[in-house]
**Student:** 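This is the structure I want to talk about, given as structure tokens.
Only a predicted model underlies this, so the values are computations on that prediction, with no experimental measurement involved. Note on naming: letters A, B, ... go to the chains in the order of the sequence lines (proteins, then strands), and numbering restarts at 1 for each one.
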Number of protein chains: 2
Amino acid sequence: MATIKEIAKKVGVSPSTVSRVISDDARISEETKKKVRKIMEELKYHPNAIARSLVSKSTKTIGIIMPYSADQAFMNPFFSEALRGIAKCTYNQGYCLLITNGVTKKEQINSVYSLVMGRRVDGIILMYSKENDPVLKELQNMDIPFCMIGRPVDNKNITYVDNDNIEAAYKATEYLIEKGHKSIALLNGSMNLTVSADRYEGYKKALEENNLSLNDELIVSVEFLQEDGYKGMKKILNSKIKPSAVIATDDLMAYGAMRAIGEIGYKIPEDISIIGFNNIPLSEFLFPPLTSVDINTYQIGASAAQLLLENVKGEVRANRKIVDTKIIYRKSVCEYKKS
Amino acid sequence: MATIKEIAKKVGVSPSTVSRVISDDARISEETKKKVRKIMEELKYHPNAIARSLVSKSTKTIGIIMPYSADQAFMNPFFSEALRGIAKCTYNQGYCLLITNGVTKKEQINSVYSLVMGRRVDGIILMYSKENDPVLKELQNMDIPFCMIGRPVDNKNITYVDNDNIEAAYKATEYLIEKGHKSIALLNGSMNLTVSADRYEGYKKALEENNLSLNDELIVSVEFLQEDGYKGMKKILNSKIKPSAVIATDDLMAYGAMRAIGEIGYKIPEDISIIGFNNIPLSEFLFPPLTSVDINTYQIGASAAQLLLENVKGEVRANRKIVDTKIIYRKSVCEYKKS
DNA sequence: TTGTAAGCGTTATCAT
DNA sequence: ATGATAACGCTTACAA
């Protein structure tokens with residue numbers, strides 16, 4: 001494995017000259033540059049990024065922090081889709097992605113430490129936002145650029161990308177109400193996530209504005225997984241009040257819900273209408289094709305990377321970005337019919 | 001940002017002593033250990049991984065090389081599922097994941113260089129296997145442990161994890177033949193991928209053993225994407241010979257194919273049966289639920305990481321692992337009926 | 001235009 | 001049980 005020194009010796013110049021050739025320093029004559037480059041090729045020289053990082057204090061890599069374990073998180077296409085956006089943006093600017101995680105809270109904190117304090121990354125993307133997050137607190141103390149996906153609980157100076165989730169849930173609920181539904185269930189994510197809290201807020205607002213009562217039995221909080229959507233929907237179906245429509249704040253949860261609904265012999269949308277969130281690419285292939293709120297996940301990822309990178313490079317423009325949402329109308333919602 | 005030197009100064013010992021405390025060296029007295037640890041806590045010391053890597057020549061990170069751009073690759077759940085398995089295994093053993101890519105061939109090679117020659121990773125997982133792959137060639141010259149997902153074209157001493165794809169495709173084809181199908185299309189991936197070549201092989205073998213003719217018009221090679229499955233199926237449907245069944249070597253492609261089939265008014269499985277590969281978790285929710293060959297993607301990822309890590313640590317046991325496959329019978333295949 | 005030397009934060013090899 | 005010193009491979013003042 002060739003080093004700068006070896007190149008230098010072979011060419012008959014000093015190591016610093018070789019270093020300067022690498023950075024194409026204007027002060028080095030074309031002649032020596034040529035000589036040096038020739039030998040570099042011959043010896044298949046490639047700079048040692050680690051050594052370089054040690055002095056430059058930059059690793060040209062961005063750390064990704066998943067909620068709970070990456071093992072579980074990757075089960076939801078939201079994360080791969082967001083990662084696609086992130087990857088696209090970072091690679092264009094010459095950055096790598098370093099992914100770590102940890103199952104327990106302590107492991108999570110530790111992995112953040114090893115990334116940040118270990119100086120392995122130039123910046124961090126936190127893939128979620130929840131209240132009282134110890135990871136976030138550490139990050140704020142650590143003096144490293146970071147960007148969150150999701151609105152911070154108190155957004156003092158935190159760079160983030162999000163949708164207007166209150167508005168999005170409001171519109172989704174309104175849509176159902178317009179279709180004549182009065183008993184609308186909410187299959188939501190964990191309430192300590194700001195995304196869940198916001199969607200609950202929008203749901204509530206729409207109900208209240210339409211003089212519909214908020215019913216606790218119709219509101220359930222589960223993880224963003226298919227299996228949890230199934231269980232959550234079961235619970236709703238076992239309540240005394242029967243909903244004629246349900247809002248799932250994630251398509252994956254909606255899939256589980258659809259299974260639960262089908263199992264008791266109900267038809268979608270005739271017996272129960274359902275609308276999802278996040279518009280997973282496969283939702284259009286379901287039976288029936290799932291109506292879903294598209295939150296532009298790819299764009300969220302790309303914007304998060306963009307904001308972060310500006311931050312890293314010190315060319316801060318904005319410190320937040322709100323990505324548009326749009327209901328994709330398919331076949332899982334219909335007019336309410338009395339039965 | 002505290003360093004070993006500062007700790008040393010503050011405690012009144014030498015840097016090497018601090019270093020020894022960190023590695024819990026038996027020769028350091030409990031007393032000094034305590035003193036040093038106290039100051040480390042106070043100053044919130046955390047070792048600089050970069051500096052450490054420079055001398056230890058190990059980064060405790062594994063590089064992931066995607067086929068073409070990660071941007072595109074992440075559109076197929078195969079990769080996130082494999083990554084899940086990889087993540088699980090690597091994190092358990094204290095390794096991070098570094099992902100890079102590049103769209104053009106040259107960019108790809110460059111990113112591999114920057115990972116390997118830049119000494120940023122201790123080992124590599126190549127997420128695909130194709131013939132005449134310049135990336136593979138470089139890797140072999142580079143003297144770094146790596147593991148491939150997919151059988152190498154000539155498997156001289158290359159560590160890899162794969163299914164028995166010939167067998168898997170053979171069984172899938174046999175299944176269709178048993179159901180009475182005689183005109184079976186193959187919607188395959190790019191033929192320079194060994195996975196595609198092997199599945200073609202199994203398909204061919206089953207046809208031949210049953211005295212069914214191989215028909216070029218019924219065989220199409222496209223990318224492992226939904227849109228490409230759609231286009232490929234269109235092409236097949238436009239051929240003179242009408243298939244009564246189709247094998248898609250990836251579920252995502254199958255989704256596209258199903259759309260193409262539906263568009264010309266054919267019903268699945270009555271008019272055309274279809275079987276996919278990879279058993280994407282969502283395939284059971286399609287209409288009709290897609291019969292698919294489950295290749296145990298998560299396990300493939302986990303095994304690849306396991307084999308690689310053994311290699312990295314020098315405790316090599318096996319250098320290949322074949323993961324089981326299994327047909328998951330659902331509703332997209334039925335008996336052939338003359339029409 | 002090029003060379004010398006210090007330094008990035010560690011670890012490892014000698015000494016003591 | 002602890003300290004000095006060199007080394008890892010590179011960059012960057014400062015000299016020349």
**Student:** Is the distance from OP1 or OP2 of D/dG9 to the nearest side-chain N or O of A/Arg52 less than 4.0 Å?
**Tutor:**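 Negative; the distance criterion is not met.
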**Student:** Just how far, in rounded Å, is P of C/dA6 from NZ of A/Lys5?
**Tutor:**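 So the two atoms are 14 Å apart, to the nearest Å.
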**Student:** Could you check whether B/Ser58 and B/Ser56, counting side-chain N and O atoms only, form a donor-acceptor pair closer than 3.5 Å?
**Tutor:**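 No donor-acceptor contact under 3.5 Å links the two side chains.
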**Student:** If the condition is side chain to side chain donor-acceptor pair (under 3.5 Å), which residues does B/Thr32 pass it with, not counting sequence neighbours?
**Tutor:**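 Expected list: B/Ser29.
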**Student:** Do B/Ser53 and B/Thr59 meet the criterion of a side-chain donor-acceptor pair at a distance under 3.5 Å?
**Tutor:**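 Judged by distance alone, the side chains do not pair up.
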**Student:** Touch check for B/Gly12, heavy atoms < 4.0 angstrom, all strands: base, sugar-phosphate only, or nothing?
**Tutor:**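 Here B/Gly12 touches the backbone only, sparing every base.
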**Student:** With heavy atoms under 4.0 Å as the rule, sort B/Pro15 into base, sugar-phosphate or nothing.
**Tutor:**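 If one applies the 4.0 Å heavy-atom cut-off, B/Pro15 turns out to touch nothing in the nucleic acid.
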**Student:** To the nearest angstrom, how far is B/Tyr45 atom OH from C/dG9 atom P?
**Tutor:**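 The answer, rounded to whole Å, is 10 Å.
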**Student:** Using whole Å, what does the distance between atom P of nucleotide D/dG9 and atom CZ of B/Arg119 come to?
**Tutor:**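 The distance from CZ of B/Arg119 to P of D/dG9 comes to 10 Å, rounded to the nearest Å.
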**Student:** May I have the distance from B/Leu54 (atom CG) to D/dC10 (atom P), rounded to whole angstrom?
**Tutor:**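 In whole Å, D/dC10 P and B/Leu54 CG are 9 Å from each other.
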**Student:** In plain terms, say whether B/Lys38 and B/Glu42 are close enough for a salt bridge, that is, a side-chain N and a carboxylate O under 4.0 Å apart.
**Tutor:**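 Yes.
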**Student:** Is the closest side-chain donor-acceptor distance between A/Ser23 and A/Asp25 under 3.5 Å?
**Tutor:**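 No.
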**Student:** Rounded to the nearest angstrom, tell me the gap between atom CD1 in A/Ile4 and atom C1' in D/dG9.
**Tutor:**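 Spelled out: CD1 on A/Ile4 to C1' on D/dG9 is 7 Å.
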**Student:** Using whole Å, report how far CZ of A/Arg120 lies from P of C/dC8.
**Tutor:**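 Going from CZ in A/Arg120 over to P in C/dC8 covers 22 Å.
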**Student:** To the nearest Å, how far apart are B/Met1 CE and C/dC8 C1'?
**Tutor:**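 Nearest whole value for this atom pair: 15 Å.
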**Student:** Map B/Lys57 and A/Thr17 onto DNA chain D by nearest heavy atom, then report which one ends up closer to the 5' terminus.
**Tutor:**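 It is B/Lys57 whose nearest nucleotide is closer to the 5' end.
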**Student:** Taking 4.0 Å as the cut-off, does a side-chain nitrogen or oxygen of B/Ser14 come that near to OP1 or OP2 on D/dG3?
**Tutor:**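 Looking at the OP1 and OP2 atoms of D/dG3, one of them is under 4.0 Å from a side-chain N or O of B/Ser14.
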**Student:** Could you tell me whether the side chains of A/Asn319 and A/Tyr160 share a donor-acceptor contact shorter than 3.5 Å?
**Tutor:**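 No, A/Tyr160 and A/Asn319 have no side-chain donor paired with an acceptor closer than 3.5 Å.
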**Student:** Looking at residues 18-37 of chain B, who's got a heavy atom less than 4.0 Å off DNA chain D?
**Tutor:**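 Those residues are B/Arg20, B/Arg27, B/Ile28, B/Ser29, B/Thr32.
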**Student:** Figure out the CD1/P separation between A/Ile50 and D/dC10, and round it to whole Å.
**Tutor:**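 Going from CD1 in A/Ile50 over to P in D/dC10 covers 12 Å.
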**Student:** Between A/Arg84 and A/Glu81, does any NZ, NE, NH1 or NH2 come within less than 4.0 Å of an OD or OE carboxylate oxygen?
**Tutor:**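 Between A/Arg84 and A/Glu81 there is a salt bridge, with a charged N closer than 4.0 Å to a carboxylate O.
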